[in-house]
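Notes to accompany the following structure.
For clarity, every value in this text was computed on a predicted model and none was experimentally measured.
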Amino acid sequence: MSTASSRLPLITAAASFGFFVTQLDVTIVNVALDAIGAAFHAPTAQLQWVVDAYILALAAMLLSAGAIGDRVGPRRAFVAGLVLFGVTSAACGFAMSPLALILARAAQGAAGALLIPPSLALIAHAAHGDNAKRASAVGWWTAAGGVSIALGPVLGGLLVETLGWRWVFFVNLPVCALGAVLTLAVAPEAPAKPKVPFDIPGQALAVAAVSLLVGGLIEGGHRGWGGAPLLALVAGVLLAVAFVLFERRAAHPAMPLSAFRKRPAWTAVVVGSALNFAYYGLIFVLSLYMLRALHWAPAKAGLAFLPLTATFIVSNLLSGGLVARFGARTVTTGGVLLAACGYALTARLGAGSDMIEMLPGFALIPGGMGLAIPALTSGLLASVDKHDAGAASGALNACRQVGGAAGVAIFGALAGTDVVTGLHVSGIAAAVLLVGAAAVAGLPIRK
């Protein structure tokens with residue numbers, strides 16, 4: 001019987017189904033927003049919540065999902081997540097009102113949280129401490145997510161124009177089924193974390209803090225930054241501080257804070273959050289730009305994102321080899337700067353731009369991200385104890401999702417009145433942010 005290590009490629013393929021489907025649902029909905037709005041007579045604020053309810057729930061539950069996966073075993077948690085994601089996707093497709101769709105999207109995001117940390121834990125256990133194999137596997141895993149983010153608008157546009165907007169959710173069902181069958185067939189149950197009490201107070205503080213922070217950002221984006229949004233943001237920051245203080249003293253913390261004292265871990269959080277902020281935010285604005293400023297059909301708008309897919313695949317798969325040759329710090333810094341150049345190019349687009357003008361930016365953005373994110377993720381997994389792999393990756397991805405929600409809220413607000421001007425400002429802001437992130441990634445390591 002083959003070992004988990006020898007089955008690493010198949011285990012990576014199974015784990016990649018989870019990351020693929022969770023990232024697909026971040027962007028596949030964007031080109032369906034006009035059709036959903038027309039079907040339900042929903043205003044822009046409700047449409048933004050269709051996108052952000054998913055991101056909020058995904059971000060809020062990631063840390064809990066990581067801890068659950070570490071304790072019950074990543075294989076069991078991952079398969080349960082696939083089943084729940086399929087069920088909640090069906091609920092989205094059958095929704096009969098904006099409120100029902102928003103609630104179903106929140107449930108879908110919560111289910112999606114069970115797919116990310118356990119999938120990385122499966123890879124980490126199967127690699128058995130082999131850094132080169134783990135880096136390669138994480139590159140494939142990240143490629144699946146990168147491809148699905150870029151494929152989302154393409155597939156979404158085709159589904160909206162052929163089968164209707166509800167199929168952007170129904171399409172998840174066969175993906176979840178295939179992922180569950182493959183996981184049960186090839187992935188052995190990795191050892192669970194030694195049985196310790198579940199950190200319920202810590203989990204509750206984390207969920208509350210993330211929910212308030214993301215909710216405040218979303219509402220501030222279209223209601224203004226005073227009043228309730230400001231109170232939510234302040235409360236979220238205070239609860240985040242309380243969470244850190246509580247976890248420092250907890251006997252069995254949900255998040256291993258000691259791991260985040262190491263350079264690879266905190267760099268991954270800072271840079272990963274900045275990358276998600278820029279990407280999620282600009283994809284949201286670009287979708288509105290194509291639909292409302294260029295007046296493209298949903299299918300054409302979706303196909304415009306196709307170049308991102310090919311570049312994501314190539315750069316993700318190159319990342320592991322480049323890290324082995326030049327080091328994670330160099331690859332991460334170069335990738336982030338490459339993405340920054342792509343965002344700067346999108347700031348040049350105008351009301352009369354065509355696909356040819358978009359191509360340079362659409363190649364550089366995923367090219368840079370595809371190099372940087374696998375290096376960050378692999379470095380994090382290498383720096384933590386294997387029993388904490390799920391919790392640590394959950395914390396990283398929670399921070400990245402908060403960054404993504406903030407990007408949608410802030411860039412969406414910038415594009416609220418004039419989408420072309422909003423695109424210009426968003427592109428410049430994203431480029432400046434990533435130059436700063438590259439500076440953080442490139443800081444020399446003190447010996």
With Cys92, the side-chain contact (heavy atoms from CB on, under 4.5 Å) member among Ile102, Leu101, Leu103: Leu101

Among Leu159, Leu155, Ile28, which residue satisfies the side-chain contact (heavy atoms from CB on, under 4.5 Å) criterion with Trp167? Leu159

Note, [X] side chain near [Y] side chain (heavy atom, < 4.5 Å):
X	Y	value
Lys300	Glu161	no
Leu33	Phe284	yes
Asp25	Gln108	yes
Thr22	Tyr54	yes
Val210	Val402	yes
Ile283	Tyr280	no
Val440	Val336	no
Val29	Arg105	yes

For the backbone of [Y] and the side chain of [X], can you confirm whether one donor and one acceptor N or O come within less than 3.5 Å of each other?
X	Y	value
Arg75	Ala187	yes
Asn276	Arg400	yes
Ser211	Ala208	no
Ser273	Gly403	no
Thr346	Tyr343	yes
Ser315	Pro366	yes

Go through the side-chain N and O atoms of Ser119 and Trp141 and say whether any donor and acceptor fall under 3.5 Å apart. yes

Atom of [X], atom of [Y] and distance for their closest heavy-atom approach:
X	Y	result
Gly342	Leu364	CA-CB, 3.7 Å
Gly236	Ala209	O-CB, 3.7 Å
Leu338	Gly367	CD2-C, 4.0 Å
Ala95	Arg166	O-NH1, 2.6 Å
Val331	Ser319	CG1-OG, 4.2 Å
Ala110	Ala57	N-CB, 3.7 Å

For the atom pair [atom1] ([X]) and [atom2] ([Y]), what is the distance rounded to the nearest 0.5 Å?
X	Y	atom1	atom2	answer
Leu322	Thr332	CG	OG1	11.0 Å
Leu120	Ile116	CG	CD1	8.0 Å
Leu114	Leu82	CG	CG	9.5 Å
Gln23	Leu115	CD	CG	10.5 Å
Ile365	Leu286	CD1	CG	7.0 Å
Leu24	Phe17	CG	CZ	12.5 Å

Set out, in order, the CA-CA distance, both residues' side-chain angles and the distance that settles ring pair (Phe, Tyr, Trp, His ring centres under 6.0 Å) for Phe277 and Phe411, then state yes or no. CA-CA 9 Å; Phe277 179 98; Phe411 287 179; 5.2 Å; yes

Let me see the working for Trp165 and Phe170 under ring pair (Phe, Tyr, Trp, His ring centres under 6.0 Å), right down to the final yes or no. CA-CA 9 Å; Trp165 66 264; Phe170 292 146; 8.8 Å; no

Under the side-chain contact (heavy atoms from CB on, under 4.5 Å) criterion, do Met290 and Met358 qualify, and how do the steps go? CA-CA 11 Å; Met290 293 174 190; Met358 298 178 190; 3.9 Å; yes

